[in-house]
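Structure first, commentary second.
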Amino acid sequence: MGNPNYQLKVNKNEFVWNSLGGELTFDGAPALLFWDSAIELFLKTIEEISGNDVSKTVYEVTGYRMGHLVSSYYEGRTDVVELLNEYSDIYKSAGWGVFEIHDYSYEEKRAVVRIRNSWEHRIFKLADKNKVGVLLPSHWAGIFSGLFQQDMWYKMTKSQLHGHEYDEVEIFPSDITISQNIHLLARKKDQESIIDLENKVKERTEELSSLVQELSSPIIPVLKDILVIPLIGKYNEERVSNMLEKSLTEVTRLKAKYLLIDLTGIKQVDSYSIHGIQKLIQAIRLIGAKCFIVGVSSELSIQILRSNINLDGIQSFSSLQQGVEYAIQQNGYELVKKK
């Protein structure tokens with residue numbers, strides 16, 4: 001049986017394929033081969049499921065941690081310049097593109113990396129996406145964080161997608177960390193959820209408010225020249241204003257002489273509600289009609305008395321029936337039982 005292992009050396013990097021075990025090693029470390037189209041499908045799936053903001057953070061976190069992992073393989077080496085050149089050769093051999101350390105300073109903890117024909121650029125170009133990649137730039141931020149033993153981040157200063165000859169990535173010390181990025185993303189998502197919930201609550205409140213206005217204080221014609229407006233619940237400035245507008249409109253439109261304010265649905269009365277009733281009575285009188293209060297229970301009458309609100313001169317009845325009968329009589333009619 002022949003040797004199941006196939007070896008290939010590219011520059012200083014060695015690939016070994018174990019055809020029986022289905023394994024590939026790259027410089028002695030387990031590795032995988034993927035088509036660009038497979039990686040494109042993988043990244044596209046993440047974007048479709050997560051959305052643009054989340055996927056961008058996922059790519060940055062992944063690239064950064066991959067870079068940090070790469071630097072850990074060479075921990076302890078002091079020949080940083082030579083090591084960076086080795087990195088460039090490794091990536092070229094692996095088909096990642098051409099990486100050049102254009103500028104570097106260990107003392108100032110900064111570097112400038114130029115990238116041409118990277119797999120990330122090839123994928124975005126293949127997908128016809130006019131956006132700058134973030135995975136490889138954050139990858140180099142992770143590498144230099146490991147080399148400098150300090151939190152580093154990146155800034156894209158040039159891009160092949162924007163017509164430049166290469167992608168240029170500036171690496172510099174930063175207070176931004178991957179954990180902070182994830183935390184900020186989570187906070188942003190929480191804030192978006194809160195805003196979305198607030199918008200839904202606002203929309204629902206407006207719908208309910210509109211429904212309350214439609215159902216609140218309907219003007220009901222009882223007999224000729226007689227209208228009834230039943231009051232329900234508590235009244236605020238908006239409800240009082242709506243009640244006044246509807247009452248004046250309907251009394252004028254129907255040319256009614258009497259408006260009966262029905263308090264049967266009022267369980268508790270406050271000074272604002274009574275003030276609203278007083279305003280309604282005054283407004284109706286100004287257009288030549290009369291108002292009566294009906295449906296005043298014993299409990300409600302006690303509350304009104306305790307409130308020290310003056311309702312002198314306002315005709316009131318304990319039931320709607322009594323008020324309607326009185327209004328009929330005042331209108332010159334009488335109820336006669338049919339024989």
Side-chain angles (χ1 to χ4, degrees), residues 198-337:
E198 288 177 345
N199 289 335
K200 288 180 179 178
V201 170
K202 181 181 178 181
E203 181 180 342
R204 186 59 178 159
T205 300
E206 289 175 351
E207 290 177 359
L208 291 175
S209 178
S210 177
L211 180 61
V212 167
Q213 287 187 5
E214 291 178 6
L215 299 177
S216 178
S217 308
I219 309 298
I220 304 171
V222 178
L223 291 169
K224 179 177 172 56
D225 297 332
I226 301 174
L227 304 178
V228 173
I229 176 170
L231 305 189
I232 302 172
K234 290 187 176 182
Y235 280 77
N236 55 24
E237 185 175 352
E238 183 180 0
R239 290 194 70 192
V240 168
S241 177
N242 182 258
M243 175 180 67
L244 285 170
E245 183 179 347
K246 288 173 63 176
S247 300
L248 290 171
T249 300
E250 289 302 296
V251 170
T252 302
R253 185 178 68 85
L254 297 174
K255 299 179 181 179
K257 296 180 181 178
Y258 302 96
L259 177 65
L260 280 59
I261 304 172
D262 187 4
L263 304 185
T264 305
I266 298 291
K267 301 304 179 185
Q268 288 186 330
V269 69
D270 54 29
S271 58
Y272 197 91
S273 297
I274 294 297
H275 176 67
I277 293 172
Q278 288 177 320
K279 288 181 66 176
L280 175 59
I281 293 171
Q282 293 170 359
I284 295 299
R285 284 175 174 173
L286 287 174
I287 60 173
K290 295 181 179 180
C291 278
F292 304 145
I293 297 178
V294 301
V296 182
S297 64
S298 57
E299 294 83 0
L300 194 59
S301 64
I302 292 173
Q303 290 182 34
I304 294 173
L305 288 174
R306 288 177 177 174
S307 66
N308 296 321
I309 297 174
N310 185 12
L311 292 179
D312 291 342
I314 301 175
Q315 191 75 39
S316 62
F317 300 90
S318 61
S319 69
L320 174 60
Q321 178 183 342
Q322 291 176 343
V324 171
E325 291 176 351
Y326 181 79
I328 290 173
Q329 293 173 6
Q330 294 296 306
N331 206 22
Y333 297 93
E334 63 177 338
L335 294 175
V336 179
K337 186 176 181 181

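Here the structure is a predicted model, which means the values were calculated and not measured.
- Each of Ile261, Leu254, Leu260, Ile284 was compared with Leu227 under the side chain to side chain contact (heavy atoms under 4.5 Å, CB included) criterion, and only Leu254 meets it.
- Phe292 and Phe317 have perpendicular rings, their planes meeting at more than 60° on a 0 to 90° scale where under 30° would count as parallel.
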Trace of the side-chain contact (heavy atoms from CB on, under 4.5 Å) decision for Ile220 with Ile229:
CA-CA 6 Å; Ile220 304 171; Ile229 176 170; over 6 Å; no
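- In this structure, the separation between CD on Gln315 and CD1 on Ile293 is 10.0 Å, given to the nearest 0.5 Å.
- Results of the side chain to side chain contact (heavy atoms under 4.5 Å, CB included) test with Leu320 over Leu263, Val228, Val222 single out Val228 as the only residue that passes.
- Heavy atoms only, all atoms of each residue included: Ile281 and Cys291 are closest at CG1-CB, 3.8 Å.
- Leu280 approaches Leu244 most closely through the heavy-atom pair CA-CD2, 3.3 Å.
- When all heavy atoms are compared, the tightest approach of Pro230 to Pro218 is CD-O, 3.1 Å.
- In plain terms, the two heavy atoms of Val240 and Gly276 that are nearest each other are CG1-CA, 4.0 Å.
- Ser247 and Ile219 get closest at one heavy-atom pair: OG-CD1, 3.7 Å.
- For the residue pair Gln321 / Glu325, a side-chain donor-acceptor distance below 3.5 Å is found, with atom types taken as modelled.
- Surrounding CD of Glu245 are at most 12 heavy atoms belonging to other residues, nucleotides or ligands under 6.0 Å away.
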Tyr326 and Gln330: CA distance, side-chain angles, deciding distance, side-chain contact (heavy atoms from CB on, under 4.5 Å) verdict:
CA-CA 6 Å; Tyr326 181 79; Gln330 294 296 306; 3.4 Å; yes
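- Note that the OG atom of Ser241 and the CZ atom of Arg239 stand 12.5 Å from one another [nearest 0.5 Å].
- A salt bridge links Arg253 with Glu250: the distance from a Lys NZ or Arg NE/NH1/NH2 to an Asp or Glu carboxylate oxygen falls below 4.0 Å.
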Given the rule in the side-chain contact (heavy atoms from CB on, under 4.5 Å) test, do Asn331 and Leu223 qualify, once you have shown the distances and angles that lead to the verdict?
CA-CA 10 Å; Asn331 206 22; Leu223 291 169; over 6 Å; no
